[in-house]
A.B. asks: 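A single structure is presented below for examination.
Only a predicted model underlies this, so the values are computations on that prediction, with no experimental measurement involved. Residue numbers count from 1 along this sequence.
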Amino acid sequence: MYYYILESPSTRGIRQSYQRLRDILTNLGIAGEIVASSPARRPEELAVMGLQKGYTTIVAVGGDAHINQIAARIIGQAVLGIIPINAGPQVAELIGTNDMKPAAEFLKFRRLTTVSTVLLEPETILFLDGEINSSKLAKISLVIDNRVRAYAYFNKATIHRSLELSLESTHLTEPKKMFGLFTVKTTEVKSESHFHGKSIRIVTDPELPITVAGKAIGMTPAHIRLVPESLKVITKRGTLG
């Protein structure tokens, strides 16, 4: 039996999708218990309730932020199933689809893949990518594995599940005159850099929020740490024997 946690529906179309999903699950014979989050019952609370009831597979139904919230609560305690509805490409890449019906079919076959996660200390888990965004160039200072220091300017920092930190920056060059005659036009310069480690200390100037799918989960300065092979997820092919 599976325990399904639906994201609080924001549109009539999503509510209709949930009804279709119930029919699909019934036809597949994996209906289980279905609950819906709401302002009064957050996804994390429902996940804890599912664990307390003894469910060993909890299925997140919805978008990226909803999926990340549930994954963070069940890590090390249950298998995560995912039925994406308006989820991003990262979910599709992981489980093998971004469509509701094949995702439900994957649940029936229950092929498992073990994935790493990132701990934003002291207790916040990132299953999907975290981001730090700044409308203007911001300074970032990094201490990687307590030994390597790095400094850069960025507009966007992405924290990947494998604890790769990607920095992107965009700035405009100043117009210049050449030989006192011609003006070189302002151009946009983009750059990107990547850092890997088992732990990274992040300090930004100014302090900035860390988000998952637009939902704030923390602030800089922050200490993030890799938690290798910490969550089992139902995927199309699976990697566990």
Side-chain angles (χ1 to χ4, degrees), residues 1-75 77-113 115 117 124-131 133 161 209-217 231-236 238:
M1 291 282 287
Y2 290 167
Y3 183 77
Y4 301 86
I5 304 176
L6 310 183
E7 185 172 9
S8 180
S10 57
T11 66
R12 180 182 178 185
I14 292 177
R15 286 192 290 270
Q16 291 174 338
S17 295
Y18 289 164
Q19 185 54 55
R20 291 196 302 273
L21 175 61
R22 287 182 170 90
D23 294 338
I24 291 169
L25 296 174
T26 299
N27 292 335
L28 290 171
I30 52 171
E33 182 177 352
I34 300 176
V35 296
S37 61
S38 68
R41 295 198 305 176
R42 295 180 299 150
E44 303 97 320
E45 295 170 349
L46 292 172
V48 171
M49 289 172 58
L51 294 172
Q52 291 173 342
K53 291 180 179 181
Y55 287 98
T56 57
T57 300
I58 295 181
V59 182
V61 183
D64 289 348
H66 178 75
I67 293 167
N68 191 77
Q69 286 173 296
I70 293 170
R73 277 291 178 263
I74 70 170
I75 186 170
Q77 302 178 77
V79 171
L80 175 68
I82 299 174
I83 297 180
I85 297 179
N86 295 334
Q90 186 183 175
V91 170
E93 181 180 355
L94 172 64
I95 69 170
T97 186
N98 204 23
D99 185 80
M100 181 172 63
K101 185 175 180 180
E105 292 171 346
F106 299 163
L107 298 179
K108 184 172 184 177
F109 296 106
R110 209 171 186 275
R111 300 185 179 102
L112 302 181
T113 298
V115 301
T117 58
T124 301
I125 295 292
L126 278 75
F127 167 62
L128 300 179
D129 289 351
E131 291 186 357
N133 290 285
R161 187 168 53 243
I210 302 172
T211 63
V212 173
K215 181 180 178 64
I217 61 167
L231 181 63
K232 292 180 179 178
V233 184
I234 297 176
T235 61
K236 180 178 181 178

A.B. asks: Among Thr56, Leu51, Val35, which one satisfies side chain to side chain contact (heavy atoms under 4.5 Å, CB included) with Tyr3?
C.D. replies: Val35
A.B. asks: My understanding is that only residues two or more places apart in sequence, or in another chain, count here; which of them pass salt bridge (charged side-chain N to carboxylate O under 4.0 Å, His left out) with Glu44?
C.D. replies: none
A.B. asks: With sequence neighbours left out, what residues match Glu105 under salt bridge (charged side-chain N to carboxylate O under 4.0 Å, His left out)?
C.D. replies: none
A.B. asks: Would you find a donor on one side and an acceptor on the other, under 3.5 Å apart, between the side chain of Asp64 and the backbone of Gly88?
C.D. replies: yes
A.B. asks: Short question: side chain of Asn27, backbone of Asp23 - any donor-acceptor pair under 3.5 Å?
C.D. replies: yes
A.B. asks: Taking Glu7 for the side chain and Gly63 for the main chain, is one N or O donor matched with an acceptor at less than 3.5 Å?
C.D. replies: yes
A.B. asks: Is there a donor-acceptor contact under 3.5 Å from the side chain of His66 to the main chain of Ile5?
C.D. replies: yes
A.B. asks: Could you tell me whether the side chain of Ile234 reaches within less than 4.5 Å of the side chain of Tyr2, counting heavy atoms only?
C.D. replies: yes
A.B. asks: For the CG atom on Asn98, are there more than 12 heavy atoms of other groups (residues, nucleotides or ligands in this structure) within a distance under 6.0 Å?
C.D. replies: yes
A.B. asks: Between Glu45 (side chain only) and Arg42 (backbone N and O only), is there a donor and an acceptor less than 3.5 Å apart?
C.D. replies: yes
A.B. asks: Determine whether a donor-acceptor pair (N or O, by modelled atom type, separation under 3.5 Å) exists between the side chain of Arg161 and the backbone of Phe127.
C.D. replies: yes
A.B. asks: Taking Tyr4 as the fixed residue, which of Ile58, Leu107, Leu21 is the one that meets the side chain to side chain contact (heavy atoms under 4.5 Å, CB included) rule?
C.D. replies: Leu107
A.B. asks: Taking atom types as modelled, find out whether Ser17 and Arg20 have a side-chain donor-acceptor pair closer than 3.5 angstrom.
C.D. replies: yes
A.B. asks: Side chain to side chain contact (heavy atoms under 4.5 Å, CB included), that's the test. Do Lys53 and Glu33 meet it? Break it down for me.
C.D. replies: CA-CA 11 Å; Lys53 291 180 179 181; Glu33 182 177 352; 2.7 Å; yes
A.B. asks: Under 3.5 Å, is there a donor-acceptor pair between the side chain of Thr211 and the main chain of Ala213?
C.D. replies: no
A.B. asks: Could I get the full list of salt bridge (charged side-chain N to carboxylate O under 4.0 Å, His left out) partners for Arg110, not counting sequence neighbours?
C.D. replies: none
A.B. asks: Using modelled atom types only, decide if a donor and an acceptor are shared between the side chain of Arg73 and the backbone of Ala47 within a distance under 3.5 Å.
C.D. replies: no
